[in-house]
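So the structure is just underneath, and the comments pick up after that.
Below, chain A is the first sequence line, B the second, and so on; all start at residue 1.
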Number of protein chains: 2
Amino acid sequence: MKILIVEDDSILSSNIADALQSEGYSVVKAFDGLLAEKMMLKENYDCIILDINLPGKTGFDICRDFRKTDTFTPILMLTAFGELEDKVKGFDLGADDYLTKPFYMRELIIRVNSLLKRSSKNPGDAKKDLIYKAGDITLDDGKKKVFRNSEIIKLTPREYQILLKLIKNKGEIISKSQLIEEIWGSSFTANTNTIEVYINFLRNKLDKPFGSHYIKTKVGYGYYFDNSENSNL
Amino acid sequence: MKILIVEDDSILSSNIADALQSEGYSVVKAFDGLLAEKMMLKENYDCIILDINLPGKTGFDICRDFRKTDTFTPILMLTAFGELEDKVKGFDLGADDYLTKPFYMRELIIRVNSLLKRSSKNPGDAKKDLIYKAGDITLDDGKKKVFRNSEIIKLTPREYQILLKLIKNKGEIISKSQLIEEIWGSSFTANTNTIEVYINFLRNKLDKPFGSHYIKTKVGYGYYFDNSENSNL
DNA sequence: TCAAAACAATGAAAATACTCATAGTCGAGG
DNA sequence: CCTCGACTATGAGTATTTTCATTGTTTTGA
């Protein structure tokens, strides 16, 4: 169980981390809103503890944007004392629970435990397997949606199928004949350059507007999804 | 265990919340009758604590309307001191227990505990699995009934089956072939547009009279039930 | 190293498929 | 015999898929 703590007060953050670790959870900390969001998009956490007042981007905004791409990871919000409407807003934006500062660590533990219990019971647990993350691309195979940094990218079915195949085997080279076989079926007469055209469509939507190169060509062999360090060189 | 507290006095509300939380319950608060009702229809709570005097809509009305679609979630009513007939009326409208203000928190805890014990022993517990809520739609698969905000919607069997499948997997895309397979069976020759037509029927009954769009099309992929924030855009 | 050959990318246009609303047929049951 | 639910047919509007001609890029071998 891996938990992300997003809290800029380093003392509080460490206290929370200690408490959770002593419960056997593995913990990752983030102190800045923007950085936190990137981490959330790149990696699957089992639970996220999210402060509201953060440098970079507020917890509210992070929560709202994150819920566009991920609806199952439980979020526990930390609100300042007395800010009652914060709680309402938090729930509206997709938080699963809140805790008012200051709080007892014991209570935080209870709430995290119950959030995790709830989400593990949920049928949504299986949905995790349907979500693929690679670089700053998120592909939700349940909703058939693709995001780039929480910005949605609209793909046609064929484009989507190709991207799915490439992301499922990221790093691996997929030959054109493999793509044809799996997406068009064996009966398809591939006497034209249909695949090249679709790869081009994909790049137009996925790579070019962002100035990056995830979809790479291996001349003579096929295509592959590259999310290594310097993938956009 | 998640408990909803519907009480407009924020001090009392917080006191109740604290008491329940220290018992290990997870708590959600609502301060307005109309909002509370929306929350009740959208989410399954294990117990509801309901004040009578509320802005927006009285506890009596909420209770009565809620019981049309949900007969198992225990409701504990809070009545003002001396209003004896309130208790009678409360029971008549479907409340499971009442508590007269002011009261000791200890007593509230006891009553909530016993309500929860009772409902968990009940055969009605199994019924929860048969009730699906999504947005302001409630589908009772035990009674084969569909409600929109406690107003019943009459569906034909085929329409019902489709809606059930979509709501069971709300948010997920269901392809036409999946729908055909599960509802008509594998032997059905799907050479026509039967599904499109039924989706149209469903929308006519479920969406159009209310100016909303729960049933969405993902062109080329299939259909899905959308109850996100801006589902009617 | 350079040119030819093989391979890949691109833009535009034609062909095809999909969705949806309306209208109509058919058969079972009151 | 009339109504209602299940299903079929059709056509317009839209979106997607495919083809083709052209341009660009990489590889190879003399």
(request) Could you walk me through whether A:R148 and A:D136 pass the salt bridge (Lys or Arg N to Asp or Glu O under 4.0 Å) test, one step at a time? (result) CA-CA 6 Å; A:R148 171 117 195 193; A:D136 49 11; 3.3 Å; yes
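Across the protein-nucleic acid pair, A:F201 atom CZ and D:dT16 atom P stand 11 Å apart, rounded to whole Å. The CG-C1' distance, from A:N193 to C:dA8, rounds to 9 Å in whole Å. The distance from atom NZ of B:K176 to atom P of C:dC20 is 7 Å, rounded to the nearest whole Å. Straight-line distance from the CD1 atom of A:I199 to the C1' atom of D:dT18: 16 Å, rounded to whole Å.
Taking five base pairs at each end of the helix from C:dT1-D:dA30 to C:dG30-D:dC1 and finding the rotation axis that steps the C1' atoms of four pairs onto the next four gives two axes whose angle is 30°, to the nearest 10°.
The side chain of A:Y198 lies closest to D:dT18, out of D:dT16, D:dT18, C:dA21. Proximity note for A:T217 (side chain, C-beta onward) versus D:dC20, D:dC7, C:dA8: the nearest is C:dA8. Of the candidates C:dA21, C:dC20, C:dA8, the closest approach to any side-chain atom of A:E196 belongs to C:dA8. Checking C:dT19, D:dG5, C:dA8 against the side-chain heavy atoms of B:T156 singles out D:dG5 as nearest.
Looking at heavy atoms from C-beta onward, A:I62 lies out of side-chain contact with A:I75 at the 4.5 angstrom threshold. A:T73 places a side-chain heavy atom less than 4.5 Å from the side chain of A:I48.
By the 6.0 Å contact criterion, NZ on B:K144 is enclosed, its count of non-hydrogen atoms from other residues, nucleotides or ligands being greater than 12.
A cation-pi arrangement is not found for A:K170 relative to A:F225, the charged atom failing to lie both closer than 6.0 Å to the ring centre and inside a 45° cone about the ring normal.
Remark on DNA chain D: of its neighbouring residues A:V219 and B:V197, the 5'-side contact belongs to B:V197, judged by nearest-heavy-atom nucleotide.
Test A:T156, A:N200, A:V146 against A:K205 for side-chain contact (heavy atoms from CB on, under 4.5 Å) and you get one pass: A:T156.
Dashed line: the shortest gap from a side-chain N or O of B:T194 to OP1 or OP2 of D:dA6 is not under 4.0 Å.
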